[in-house]
Visitor: 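Just passing along the structure, written as structure tokens.
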Amino acid sequence: MNVSDAISARRSIRGFKPDPVAPELLEKIFNTASLAPSNCNTQPWHIVVVSGQARIDLQTAIFAEMSAGKAPSPAFPPGDQGLTGDYKDRQYQCAFGYYGTMGIERHEKDKRFALMMKNWEFFGAPHVAFISMPTSMGPVNAIDVGIYLQTLMLVLVEHGLASCPQGALAFYPDEVKKIANIPEGNGIICGLSFGYEEVGAQINKVIMDRAPLADTVQFID
């Protein structure tokens, strides 16, 4: 698979088989992803992969926090701040496409809430990676983390795996930190649920379009 094919094949998958990925393959994937570039080679990312019983326990603990009414406490501002115009329109279209594919109408708040909660079930994926960086760092370093994340997702595609990047997995960091050795001073910037795609699952039929190239790229001679 070449890079262009991997980019074309990658999309956010939210329905997974329960089959775990072999440990030796996990190590190979994350070794390759670590080659991602970063400003001055600072490599500001730190990754914790949670699987097996620890993943089940974490899901239970986060649900308990939410049931108790605990408010989200992300280390970094949520990624959807300040959206207006075309950017807000794209966000709306994303939501309409997602809920629409699942046959959920705008007024069906209970069903929308249940679908949202699948974020903290890791969409049934057998593995979830929590990606953090020092809270003292800023946007330039966050760009590096984004480059790493894209690299990781493309390597997963190369090996026949699917993934879903989730800002929501930064909302309840306390329970994650209880089981994961996240460095002191780091904040979770996002999570990534991943595993083998459950081909044919309705939730995986969500297809998001892209803006015309002329809307986002200029070529000047």
Side-chain angles (χ1 to χ4, degrees), residues 4 6-16 59 62-63 65-67 69-125 128-131 133 138-139 142-143 145-154 156-157 162-173 187-195 197-219:
S4 295
I7 292 170
S8 296
R10 191 222 65 82
R11 52 192 188 89
S12 294
I13 292 299
R14 299 176 178 86
F16 296 88
Q59 176 181 323
I62 292 175
F63 268 59
E65 282 193 317
M66 298 177 77
S67 298
K70 184 172 182 178
S73 56
F76 300 98
D80 58 356
Q81 292 187 344
L83 297 182
T84 59
D86 289 343
Y87 308 110
K88 193 66 177 178
D89 290 343
R90 290 169 192 158
Q91 184 189 48
Y92 282 143
Q93 289 304 315
C94 177
F96 293 151
Y98 183 32
Y99 291 120
T101 298
M102 298 303 292
I104 299 173
E105 301 291 339
R106 185 179 179 87
H107 67 276
E108 295 179 301
K109 294 183 179 180
D110 289 348
K111 291 182 180 180
R112 290 171 61 189
F113 178 77
L115 190 59
M116 181 189 70
M117 290 298 292
K118 288 185 176 294
N119 277 283
W120 294 283
E121 296 174 359
F122 316 122
F123 294 112
V128 56
F130 291 91
I131 302 167
M133 75 174 191
I143 290 171
V145 175
I147 293 170
Y148 173 88
L149 180 60
Q150 172 74 335
T151 302
L152 174 59
M153 290 189 292
L154 293 179
L156 287 167
V157 169
S163 64
C164 185
Q166 297 165 255
L169 296 186
F171 286 5
Y172 296 94
I188 297 169
I189 197 165
C190 69
L192 183 74
S193 297
F194 68 94
E197 178 183 356
E198 184 184 353
V199 177
Q202 183 64 26
I203 201 168
N204 290 337
K205 296 180 181 179
V206 179
I207 302 293
M208 301 297 173
D209 62 8
R210 294 295 185 267
L213 190 63
D215 289 359
T216 59
V217 179
Q218 270 190 314
F219 298 97

Visitor: Restricting to non-hydrogen atoms, name the atom on Lys205 and the atom on Gly200 that form the minimum distance, rounded to 0.1 Å.
Guide: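 Shortest heavy-atom contact: CE-O, 3.7 Å.
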Visitor: Might you confirm whether atom NZ of Lys70 has over 12 heavy atoms from other residues, nucleotides or ligands at distances under 6.0 Å?
Guide: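 Enclosed.
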Visitor: Is Asn119 reaching over with its side chain to a backbone N or O of Gln166, donor-acceptor style, under 3.5 angstrom?
Guide: no
Visitor: With side chains defined as the heavy atoms from C-beta onward, is the minimum distance between Ile7 and Leu154 less than 4.5 Å?
Guide: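 They are in side-chain contact.
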Visitor: Quick check: do Ile13 and Phe123 have side-chain heavy atoms less than 4.5 Å from each other?
Guide: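 With C-beta onward as the side chain, the pair stays apart.
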Visitor: To the nearest 0.5 Å, tell me how far Ile131 CD1 sits from Ile189 CD1.
Guide: 8.5 Å
Visitor: With heavy-atom distances below 4.5 Å as the criterion, would you say the side chains of Phe194 and Met153 are in contact?
Guide: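 Sidechains of Met153 and Phe194: no contact.
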Visitor: Provide the closest heavy-atom pair for Ser193 versus Phe16 in the form atom of the first, atom of the second, distance.
Guide: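 Nearest heavy atoms, Ser193 then Phe16: O-CZ, 3.8 Å.
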Visitor: Could you tell me which non-hydrogen atom of Gly138 sits nearest to which non-hydrogen atom of Met133, and how far apart they are?
Guide: O-CE, 3.8 Å
Visitor: Atom CG of Asp215 and atom CG of Asp86: how far apart are they, to the nearest 0.5 Å?
Guide: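 So the CG of Asp215 and the CG of Asp86 are separated by 7.0 Å.
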Visitor: Would you check if Ser12 and Val206 make a side-chain contact, meaning some heavy-atom pair closer than 4.5 Å?
Guide: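 No; the side chains remain at least 4.5 Å from each other.
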Visitor: Can you confirm whether more than 12 heavy atoms, excluding those of Asp110, are under 6.0 Å from its CG atom?
Guide: no
Visitor: Can you tell me how far CE of Met66 sits from CZ of Phe171, rounded to the nearest 0.5 angstrom?
Guide: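 That separation rounds to 9.5 Å.
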Visitor: What is the minimum heavy-atom distance between Tyr172 and Trp120, and which atoms define it?
Guide: CD1-NE1, 3.9 Å
Visitor: Within this structure, what is the CD-CE distance for the pair Glu108 and Met102, rounded to the nearest 0.5 Å?
Guide: 12.0 Å
Visitor: Can you confirm whether Arg11 sits close enough to Glu197 that some side-chain heavy atom of one is under 4.5 Å from a side-chain heavy atom of the other?
Guide: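 Of all side-chain heavy-atom pairs linking Glu197 with Arg11, at least one is under 4.5 Å.
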Visitor: Heavy atoms only: give me the nearest Phe219-Leu213 pair and the separation to one decimal.
Guide: CE1-CD2, 4.2 Å
Visitor: Quick one: does Gln150's side chain get under 4.5 Å of Arg10's, heavy atoms only?
Guide: yes
Visitor: Taking atom CD1 of Ile203 and atom OG1 of Thr101, what is their separation to the nearest 0.5 Å?
Guide: 9.5 Å
Visitor: Would you kindly check if the NZ (Lys) or CZ (Arg) of Lys109 is within the cone defined by 45 degrees around the ring axis of Phe113 and under 6.0 Å from the six-membered ring centre?
Guide: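 Output no; distance or angle outside limits.
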Visitor: In Å and rounded to the nearest 0.5 Å, what is the CZ to NE2 distance from Arg112 to His107?
Guide: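 Taking CZ in Arg112 and NE2 in His107, the distance rounds to 10.5 Å.
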Visitor: Do you know which two heavy atoms are closest between Ala9 and Val157, and how far apart they sit?
Guide: CB-CG1, 4.0 Å
Visitor: Is there a side-chain contact (heavy atoms from CB on, under 4.5 Å) between Leu169 and Phe122 once you walk through the steps?
Guide: CA-CA 9 Å; Leu169 296 186; Phe122 316 122; 3.8 Å; yes
Visitor: Applying ring pair (Phe, Tyr, Trp, His ring centres under 6.0 Å), can you list everything that pairs with Tyr99, at least two apart in sequence or on another chain?
Guide: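 Partners of Tyr99 under the ring pair (Phe, Tyr, Trp, His ring centres under 6.0 Å) test: none.
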